[in-house]
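Okay, so here's the structure we're looking at.
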Amino acid sequence: MQTLFEKIAAREIPAAIVYEDDLVLAIRDINPQAPVHVLIFPKTALPRIAEAKTEDTYLLGHLLMKASEVAATLGLTTGGYRLVINNGANGGETVPHLHVHILGGRQMAWPPG
Ligand code: AMP
């Protein structure tokens, strides 16, 4: 069964796309937790970072490089931003398809709640 983000990548579910290439897609989060809240994820479903394999190394590097580029495109570099990956139940994961949250436009708190 396809994940929610695979369906978005296949244009079966609409989303506000901010970046796309052969490997990754970046969309606006439907329930933003900051003035800028974007999700970037691989188009192929990897459930979570804990299940990444050695052969995913290039994809994971690409994902982070593109997260940085998308943040720059959204004007977040100077003010700063936060990248978040929620892994599993205690991590707060709700969509079992690896994604990086890009959060910016306000001061972030630490530690996270
Ligand atoms: P996580 O809790 O880390 O698994 O993050 C999942 C994120 O996906 C949450 O921030 C949701 O608001 C977001 N989300 C869920 N459904 C959609 C959707 N259809 N379009 C965009 N973002 C979504």
Side-chain angles (χ1 to χ4, degrees):
M1 201 175 87
Q2 282 194 314
T3 68
L4 170 65
F5 293 159
E6 283 179 297
K7 289 178 184 169
I8 287 174
R11 307 304 202 265
E12 291 167 17
I13 292 175
I17 293 171
V18 299
Y19 176 79
E20 179 172 26
D21 64 25
D22 288 348
L23 295 177
V24 301
L25 187 70
I27 64 169
R28 301 271 180 188
D29 196 291
I30 204 168
N31 182 24
Q33 301 300 310
V36 178
H37 188 174
V38 165
L39 306 172
I40 185 165
F41 50 85
K43 289 182 169 178
T44 54
L46 171 62
R48 59 195 57 82
I49 192 68
E51 287 169 51
K53 297 188 169 43
T54 303
E55 53 263 37
D56 298 315
T57 300
Y58 177 82
L59 177 62
L60 294 175
H62 184 79
L63 184 66
L64 280 183
M65 291 301 295
K66 293 301 169 184
S68 168
E69 284 182 29
V70 167
T73 301
L74 295 172
L76 299 177
T77 306
T78 301
Y81 57 91
R82 181 169 290 176
L83 302 182
V84 173
I85 298 175
N86 296 325
N87 188 95
N90 281 353
E93 174 198 308
T94 60
V95 176
H97 179 140
L98 175 66
H99 50 283
V100 178
H101 295 257
I102 304 169
L103 295 148
R106 66 168 170 82
Q107 179 65 55
M108 300 294 153
W110 191 264

Original post:
Are any non-hydrogen side-chain atoms of Leu59 and Thr44 less than 4.5 angstrom apart?
Top reply: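 Yes, close enough: below the 4.5 Å cut-off.
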Any chain of hydrophobic side-chain contacts (each under 4.5 Å) joining [X] to [Y]?
X	Y	value
Met65	Ile40	no
Leu64	Val36	yes
Ile8	Leu63	no

Heavy-atom closest pair, residues [X] and [Y]:
X	Y	result
Val38	Ala26	CG1-CB, 3.9 Å
Ile27	Ala15	CG2-CB, 3.9 Å
Thr77	Ala72	OG1-CA, 3.2 Å
Gly104	Ala34	O-CB, 3.5 Å
Val100	Leu83	CG1-CB, 3.9 Å
Lys43	Asp22	CD-O, 3.6 Å

* Give the intermediate values and the outcome of side-chain contact (heavy atoms from CB on, under 4.5 Å) for residues Thr3 and Val95. => CA-CA 8 Å; Thr3 68; Val95 176; 5.6 Å; no
Rounded to the nearest 0.5 Å, what separates atom [atom1] in [X] from atom [atom2] in [Y]?
X	Y	atom1	atom2	value
Glu51	Lys53	CD	NZ	6.5 Å
Arg82	His101	CZ	NE2	12.5 Å
Leu4	His99	CG	NE2	9.5 Å
Tyr19	Lys66	OH	NZ	3.5 Å
Ile49	Leu98	CD1	CG	5.5 Å
Leu25	Glu20	CG	CD	5.0 Å

Quick one: does any side-chain atom of [X] pair with a main-chain N or O of [Y] as donor and acceptor, under 3.5 Å?
X	Y	answer
Asp29	His37	no
Arg11	Ala9	yes
Glu93	Asn87	no

>> Using side-chain contact (heavy atoms from CB on, under 4.5 Å), reason through Leu46 and Leu60 one step at a time and then give a plain yes or no.
In response: CA-CA 10 Å; Leu46 171 62; Leu60 294 175; 4.3 Å; yes
Surrounding [atom1] of [X] (heavy atoms of other residues, nucleotides or ligands, distance under 6.0 Å), is the total greater than 12?
X	atom1	result
Arg28	CZ	no
Asp21	CG	yes
Gln107	CD	no
Met108	CE	yes

Evaluate Tyr58 against Leu23 for side-chain contact (heavy atoms from CB on, under 4.5 Å), listing each step before the verdict.
CA-CA 10 Å; Tyr58 177 82; Leu23 295 177; 3.7 Å; yes
Check: For the residue pair His97 and Phe5, does the interplanar ring angle fall in the parallel (under 30°), tilted (30 to 60°) or perpendicular (over 60°) class?
Finding: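 Judged by the thresholds at 30° and 60°, the geometry between His97 and Phe5 is perpendicular.
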